[in-house]
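What follows is a short report on a single structure.
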Amino acid sequence: MNARFLVPLALAALVACGGAEGSGDTPRSRGVDLTGAGATFPYPLYNRWTTDYLAERGVRINYQSLGSGAGIQQLAAGTVDFGASDAPMTDEEISRARGGAVVHIPTTIGAVTVSYNLEGLTEPLRLTGELVADMYLGRVTRWNDARIAALNPGVTLPAAAILPVHRSDGSGTTYVFTEYLSAVSPAWRSGPGTGKEVAWPTGIGAKGNEGVASQVKSSPGTVGYIEVVYANQNRLAKAAIQNAAGNWVLPNSESITAAAAGVADTLSAETDYRVSIINAPGDEAYSISSFTWVLLYRVQPDTVKGRKLVEFLRWAVTDGQQRSAAMDYGPLPQQMRDRLVARLETVQIGGATP
């Protein structure tokens, strides 16, 4: 992936509104761009989208990659036009949001890879979820542990200590990873559990997917959980994870989309899209896959900004999906795209539907 996708976005600039002002206009809304903040997980794709959308529609969108926790907090406080998170908001978080009801729009499907820094290996390590959990619990401490060796016959494993790397900030990537560990490891479920932030039993912290990737890349013996785009950009090794069907699967666009295929068929018009595809069934499904969401208020009092936001999201879940696979994300299944377009029509803009 081209490194330009990870260059921070420029500060928000003015956009000509054109046309008459709507009843919901405010001085702040006239001529300003959309602002968003949140998940680092989809940031490379969102950066590509905002660049392409500017070229196609002339709208500048300033998205800050701060982590899912910050995205939820900033949306709730009303300091951004939209938030972004890899963990859906809880009912309690929504109840504290200043703008009222929140709409969750899945924008793409991503994967968390288990990456490691071991010299001399030519093939991906095979790891089970329970084994990964025990690494982060401090129960498996050496790379040549008998359990790792049994899954990787013929592979020469070093006796080096295993150093787990985890996120130090509130993170949707952490939520996805710990949700998976809770699903496959009773010890993890009854211990640290699932969350955007958990009490890590062992390891060192780093900020953002960028920080974890950098730490793993520079430190032999480390293991870390990283959104697959960041692992690929840093040329990090990725483990093959045993899925619910018992198959060893690497994260890629096809295996990520396969994780969502079964769930997409069950969604209805009433679904609020706070759904999980962790440890999904299917022979080709990659187990640590997740939707990532843009969060917006159902009622958009600012006519200009509300309309621009809905138009951008409509583009993102349709035309924008063409960019997903090339950047190691999974495109949304077609039936989901059609339903999400309909869901966006329920957003109230300046007192009227778009």
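Only heavy atoms go into these numbers, but all of them, side chains included; no hydrogens, no water, no symmetry mates.
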| request: Using the side-chain contact (heavy atoms from CB on, under 4.5 Å) rule, pick out the option among Leu340, Leu313, Val341 that qualifies with Thr318. | output: Val341
| field | Single-linkage hydrophobic cluster Val165~Leu118, side-chain heavy atoms < 4.5 angstrom | value | no
| message | Can you tell me how far apart OH (Tyr46) and CD1 (Ile61) are? Round to the nearest 0.5 Å. | response | 11.0 Å
| Is a side-chain donor or acceptor of Arg126 paired with a backbone partner of Ala239 at a separation under 3.5 angstrom? | no
| query | Which value, rounded to the nearest 0.5 Å, describes the distance between Asp86 atom CG and Glu179 atom CD? | reply | 11.5 Å
| request: Apply side-chain contact (heavy atoms from CB on, under 4.5 Å) to Glu56 and Trp315, showing your working. | output: CA-CA 11 Å; Glu56 292 184 21; Trp315 177 91; 3.1 Å; yes
| Heavy-atom closest contact (Thr108 atom, Ser324 atom, distance) | OG1-OG, 3.6 Å
| field | ILVMFWY network linking Leu34 to Leu344, side-chain heavy atoms under 4.5 angstrom | value | yes
| task | Check step by step if side-chain contact (heavy atoms from CB on, under 4.5 Å) holds for Asp134 and Arg147. | result | CA-CA 11 Å; Asp134 282 349; Arg147 293 172 61 190; 2.7 Å; yes
| query | Would Asp328 and Asn232 count as having a side-chain donor-acceptor pair, cut-off 3.5 Å? | reply | yes
| said: Taking Gly205's backbone N and O only, do any of them form a donor-acceptor pair with Ser168's side chain (distance below 3.5 Å, no angle check)? | reply: no
| request: Could you walk me through whether Asp91 and Arg274 pass salt bridge (Lys or Arg N to Asp or Glu O under 4.0 Å), step by step? | output: CA-CA 11 Å; Asp91 290 344; Arg274 291 186 291 174; 2.9 Å; yes
| Roughly how far, to the nearest 0.5 Å, is the CD atom of Gln233 from the CZ atom of Arg235? | 10.0 Å
| field | Single-linkage hydrophobic cluster, 4.5 Å side-chain cutoff, Leu163 and Leu236 together | value | yes
| said: Strictly below 4.0 Å, N to O, side chains only: are Glu93 and Lys196 in salt-bridge contact? | reply: yes
| said: Checking the side chain of Asn243 only, and the main-chain atoms of Ser287 only, is there a donor and an acceptor separated by less than 3.5 Å? | reply: no
| Between the main-chain N or O of Val80 and the side-chain N or O of Gln74, is there a donor-acceptor pair closer than 3.5 Å? | no
| message | If hydrophobic clusters are built from ILVMFWY residues whose side chains come within less than 4.5 Å, do Phe41 and Met327 share one? | response | no
| task | Report the C-alpha separation of Lys305 and Gln300 in whole Å, then their side-chain angles, then the decisive distance to 0.1 Å, and conclude whether the side-chain contact (heavy atoms from CB on, under 4.5 Å) test is met. | result | CA-CA 8 Å; Lys305 292 171 77 68; Gln300 296 282 321; 5.7 Å; no
| field | Sub-4.5 Å side-chain heavy-atom contact between Val216 and Tyr230 | value | no
| field | Interatomic distance, Tyr53 atom OH to Lys308 atom NZ [nearest 0.5 angstrom] | value | 7.5 Å
| request: Check the pair Asn209 / Thr173 against side chain to side chain donor-acceptor pair (under 3.5 Å), numbers first and verdict last. | output: CA-CA 8 Å; Asn209 274 291; Thr173 307; 3.1 Å; yes
| task | Check whether any side-chain heavy atom of Glu197 lies under 4.5 Å from a side-chain heavy atom of Thr174, and answer yes or no. | result | no
| request: Quick one: closest heavy-atom pair of Asp81 and Leu309, and the distance? | output: O-CD2, 3.6 Å
| request: Drop me the distance from Ser185's OG to Leu131's CG, to the nearest 0.5 angstrom. | output: 10.5 Å
| Any donor and acceptor pair, going by atom type alone, linking the side chain of Asn247 with main-chain N or O of Asp283 inside 3.5 Å? | yes
| message | I need the minimum non-hydrogen distance between Ala39 and Ser65, along with the two atoms involved. | response | O-OG, 4.2 Å
| query | What's the spacing between Glu123 CD and Asn152 CG if we round to 0.5 Å? | reply | 10.5 Å
| Is there a side-chain contact between Val249 and Ile241, using heavy atoms and a 4.5 Å cut-off? | no
| said: If we count only N and O atoms by modelled type, under 3.5 Å, do the side chains of Thr40 and Glu210 hold a donor and an acceptor together? | reply: no
| query | Do NZ/NE/NH1/NH2 and the carboxylate oxygens of Lys207 and Asp169 come within less than 4.0 Å? | reply | no
| query | Can you check whether Ser276 reaches Ser290 side chain to side chain, under 4.5 Å on heavy atoms? | reply | no
| query | Side chain of Thr141, backbone of Gly138: donor and acceptor closer than 3.5 Å? | reply | no
| request: Given ring-ring contact (aromatic ring centres under 6.0 Å, His included), test Tyr273 with Phe291 step by step and report yes or no. | output: CA-CA 9 Å; Tyr273 290 96; Phe291 294 119; 7.9 Å; no
| Checking side-chain contact (heavy atoms from CB on, under 4.5 Å) for the pair Leu125/Trp143: CA distance, chi angles, key distance, verdict? | CA-CA 11 Å; Leu125 278 181; Trp143 282 107; 3.9 Å; yes
| said: So which atom in Thr257 and which in Ile109 form the shortest heavy-atom distance, rounded to 0.1 Å? | reply: CA-CD1, 4.3 Å
| Main-chain N/O of Val304 paired with Asp302 side-chain donor or acceptor, under 3.5 Å | yes
| query | Using 30° and 60° as the class limits, which term best fits the ring planes of Tyr63 and Phe82: parallel, tilted or perpendicular? | reply | parallel
| Nearest non-hydrogen partners of Ile278 and Ile288, listed with the distance | CD1-CA, 4.2 Å
| message | Would you say that Ser214 contacts Lys217 through its side chain, given a criterion of any heavy-atom pair below 4.5 Å between the two side chains? | response | no
| message | I'd like to check Ser171 versus His166 (side-chain heavy atoms, cut-off strictly below 4.5 Å). Are they in contact? | response | no
| Which heavy atom of Val114 sits nearest a heavy atom of Tyr286, and at what distance? | N-OH, 4.2 Å
| message | Please check this pair: side chain of Trp188 against backbone of Gly193, looking for a donor-acceptor N/O pair closer than 3.5 Å. | response | yes
| task | Could you verify whether a donor N or O on one side chain and an acceptor N or O on the other, from Thr194 and Thr178, lie under 3.5 Å apart? | result | no
| query | So do the side chains of Leu137 and Thr202 get within less than 4.5 Å of each other, counting heavy atoms only? | reply | no
| Any side-chain heavy atom of Ile162 within less than 4.5 Å of one from Ile148? | yes
| query | Is a donor on one side and an acceptor on the other found under 3.5 Å between the side chain of Gln64 and the backbone of Leu66? | reply | no
| query | Same hydrophobic cluster for Met89 and Tyr175, using side-chain heavy-atom links shorter than 4.5 Å among ILVMFWY? | reply | no
| request: Return yes if some donor-acceptor pair links the side-chain N/O of Trp293 with the main-chain N/O of Thr107 below 3.5 Å, else return no. | output: no
| message | Can you confirm whether Glu311 is buried at CD, in the sense that more than 12 heavy atoms of other residues, nucleotides or ligands lie under 6.0 Å from that atom? | response | yes
| Parallel, tilted or perpendicular for Tyr225 and Phe177, by the 30°/60° rule? | parallel
